[in-house]
Amino acid sequence: MFKRTFGFNRDLFSSFDFTCLSLPGEAAVAGPLCCSSGPAAPPAESLLPRIRRAAEGPHTITFVGSAAGGDGAVPLTLSWAQLHQDALAVAASLQEHGVKPGDHVALLGPTTRPLVTAIQGIWLAGGCVIVLPLPMRMASLDEFMRQTRAHLVHGDVRLLLLDPDLAPFLETRPGDPPVLMLDRVQPGPGRPTASDYREVPDDPHRLAILQFTSGSTAEPKGVMLPHHVIGANIDGMVEAAKVTVDDIMFSWLPLYHDMGLIGLTTVPMTVGSSLVLASPQDFLAKPGDWMRWLHQFKATITAGPNFSWVLATRALKRMYEEGERLDLSAVRIALNGAEPVDPEAVDRFVDAAAPHGFRPGAVFCAFGMAEVAIGGSFPPPLRGMACDYVDRAALEKEGIARPADPSLDSTRRLPLLGRPVPGLEMRICDPATGEERGEREVGELEIRGTSVTTGYYNRPDLTKELFHDGWLRTGDLAYFTGGPDGGPLELVICGRIKDVIIIAGRNVFPEDLERAIGTQEGVRAGNVIAFGLEGSKGKEAIVVVAEVRTEKPLEVRRAIRRRVIDVCAVPPRDIVLVQPGTLPKTSSGKLQRSLCRKQYLNKELKLIDGFDG
């Protein structure tokens, strides 16, 4: 339907006037803007010396929940020094099995002590870590197998380390890499020890992580992250978030996602601060345990995508109603990232967490992506959420973020996501021409600096399209505006370019529709997808697919229709109500709009009983 260049649709910007526009009562913005954290930093050191320094410190890693051995398991605590000794033994075992510097070693298994030890062991052996996604649902095992094999082939995997519990689900075929059970490379009787380890040359330019992006139908894209790129991003995040060795981090995030692997595991592993680690399964089974562990271990830093804070809000409300009280006063950074931040959801979390001692200033709305290792822009710690209020019509029709009265229904509220972490620069460009834009002018976010990926593995075509004059094209619609109280420029994200729906010359952001519909009774919040579909006379129309739990589907359908009209003044072409747990999601839990659209067209959606669409 659309022309596709550089991975997104340029035509959807035809309705935007990207000339400099005047704000009310102000002169037009003169010239382009570039948001920078300061002078470029020198090349960063690799992860290996950082790991060794951290192992000399007194702090620890603690495994809880299923990561410690199952429901009800006693937390397992060991020092970074002890884990490092185990990792040296793993590295020696990998060397015994022929792993050489530069080899790609894949890991497949849940979050456990052996998995984390193996990650460090692979780096010590000079290998590149590829953590493979686990299946989101048991019903998707066939797709999981297909995806796993694609990652193994595309990633040129030399060896697969497999958790024994997953062995029954993996069928090897000719051409697959060798498979070794994860427990066979751990320290034990008759196996290599730390003293058998042969030190490898320290090469900051060697690949440390091949991070596969969570696509839906496209061929896998492996983001190449050399040691110096990850090191630079760690340095930038540590400086921006004021991380110290005395911080206590808590994470349940999957280790196959960059925020879990780099942001909440590699950072403490290389800085030497304490880490408490659970598994995604623990969080999904009992979201309230996340909050309980923050209380138990007096954690200072934690993170999660927007949907996880919604679930935590519900859990905290139940705790309060049942008389359970927590102490969350130690938390100084509660990072909300990896998916669009919903300001209303943040407000509800703050309200629910306040009786438990949570400080509103600890809310930390940030931007990141795998192509910059993880951390892109951070706000000042302990500022809390700050928002920009803009006129929805000007944003959608003109591509300008014009300030507006917060009390008006026509106003859109967008979180400020801070400034680039040290070592990065950001600019906003017209996606069609590449021309730089001015303050409050919407365009594509581009990034350059010390922690930008070197490209996609074995995909020179995609790597070429990824960059514009040395700047990384993110595919995000964004603008810059001044921070609170006249502060320096900060980043605001409006949406993804490829997901924007063009309706009568307006650029409608699906997130706005999905959030509004998600508040409707009977609709599962965070489980709504809106997308565009070519309608009559080539015009785009809106389709809504929503997971519901209701005995009155027709009433829910009518309510959804009203919500769509309230948001964009246009009725949807179709509303489809589907069974809970059936909307397509990535391995990290993000909704997949493009795959949902394909399933809709192919009539593959799982409708609720008695609903024929």
Side-chain angles (χ1 to χ4, degrees), residues 54 57-84 86-87 107 109-120 131 134 163 165-166 182-183 186 243 245-257 259-269 271-305 308-309 311-312 314-316 318-319 324-335 353 356-358 362 588-589:
H59 296 298
T60 61
I61 177 170
T62 299
F63 298 89
V64 296
S66 62
D71 190 27
V74 176
L76 172 65
T77 299
L78 61 154
S79 67
W80 285 117
Q82 186 178 350
L83 185 131
H84 182 55
D86 289 351
L107 290 155
T111 301
T112 58
R113 174 181 174 177
L115 189 78
V116 175
T117 305
I119 288 170
Q120 188 180 122
V131 184
L134 295 171
D163 188 289
D165 290 343
L166 294 178
L182 186 57
D183 57 350
Q186 302 298 316
V243 177
V245 293
D246 295 322
D247 273 306
I248 301 171
M249 301 188 186
F250 178 88
S251 177
W252 56 265
L253 297 168
L255 295 179
Y256 49 78
H257 189 275
M259 188 156 71
L261 177 57
I262 300 174
L264 272 295
T265 301
T266 307
V267 168
M269 182 186 290
V271 171
S273 53
S274 290
L275 169 65
V276 182
L277 195 59
S279 77
Q281 291 75 20
D282 296 320
F283 165 75
L284 293 173
K286 295 180 180 179
D289 282 351
W290 178 18
M291 300 293 107
R292 293 186 181 97
W293 280 320
L294 293 178
H295 160 85
Q296 178 181 350
F297 292 96
K298 305 300 180 188
T300 61
I301 298 175
T302 192
S308 67
W309 296 105
L311 297 180
R314 296 173 185 169
L316 288 171
R318 284 194 299 270
M319 292 178 196
E324 183 179 357
R325 297 292 185 272
L326 305 179
D327 180 5
L328 303 179
S329 61
V331 178
R332 68 176 190 86
I333 290 181
L335 190 151
H356 301 278
F358 180 82
S588 55

Novice: Return yes if some donor-acceptor pair links the side-chain N/O of Asp282 with the main-chain N/O of Gly65 below 3.5 Å, else return no.
Specialist: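 A pair under 3.5 Å: no.
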
Novice: With rounding to the nearest 0.5 angstrom, report the CE to CG distance, Met291 to Leu316.
Specialist: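 Rounded to the nearest 0.5 Å, the CE-CG separation comes out at 6.0 Å.
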
Novice: Any ion pair linking Arg292 and Glu324 (charged N to carboxylate O, less than 4.0 Å)?
Specialist: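 Here Glu324 pairs with Arg292 in a salt bridge, since their nearest N and O are under 4.0 Å apart.
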
Novice: Would you call the rings of Trp309 and Trp290 parallel, tilted or perpendicular, taking 30° and 60° as the class edges?
Specialist: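 Taking Trp290 first and then Trp309, their aromatic rings sit tilted (interplane angle of 30° to 60°).
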
Novice: Judged by atom type as modelled, is there a donor-acceptor pair below 3.5 Å linking the side chain of Gln120 to the main-chain atoms of Ala87?
Specialist: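 Checking the backbone N and O of Ala87 against the side chain of Gln120, no donor-acceptor pair under 3.5 Å is found.
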
Novice: Nearest 0.5 Å please: distance from the OG1 atom of Thr266 over to the CD1 atom of Ile119.
Specialist: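 One gets 7.0 Å once the value is rounded to the nearest 0.5 Å.
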
Novice: Between Thr302 and Phe250, is there a donor-acceptor pair closer than 3.5 Å when you use the side chain of the first and the backbone of the second?
Specialist: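 Yes, the answer is positive, given that a donor and an acceptor are paired below the 3.5 Å cut-off.
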
Novice: Please round to the nearest 0.5 Å and tell me the distance separating atom OG1 of Thr265 and atom CG of Leu255.
Specialist: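 Interatomic distance, Thr265 OG1 to Leu255 CG, rounded to 0.5 Å: 4.5 Å.
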
Novice: Let me confirm one number: the CG-OH distance from Leu115 to Tyr256, rounded to the nearest 0.5 Å.
Specialist: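 Between atom CG of Leu115 and atom OH of Tyr256 there are 11.5 Å.
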
Novice: Under 6.0 Å from the NZ atom of Lys286, do we count more than 12 heavy atoms belonging to anything else shown?
Specialist: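 It does not: Lys286 NZ has 12 such atoms or fewer within range.
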
Novice: Under the side-chain hydrogen bond (donor to acceptor under 3.5 Å, both in side chains) criterion, do Thr117 and Asp86 qualify, and how do the steps go?
Specialist: CA-CA 7 Å; Thr117 305; Asp86 289 351; 5.1 Å; no

Novice: Is the backbone N or O of Ser79 less than 3.5 Å from a side-chain atom of His59, with the two atoms forming a donor-acceptor pair by type?
Specialist: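 No; zero donor-acceptor contacts below 3.5 Å.
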
Novice: Look only at the side chain of His295 and the backbone of Asp327, and say whether a donor-acceptor pair between them is shorter than 3.5 Å.
Specialist: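 Pair found, side chain donor or acceptor close to backbone of Asp327.
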
Novice: Could you tell me the separation between the CD1 atom of Ile61 and the CG atom of Leu277, rounded to the nearest 0.5 Å?
Specialist: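 The distance works out to 5.5 Å.
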
Novice: Can you tell me how far CH2 of Trp80 sits from OG of Ser273, rounded to the nearest 0.5 angstrom?
Specialist: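 Answer rounded to 0.5 Å: 7.5 Å.
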
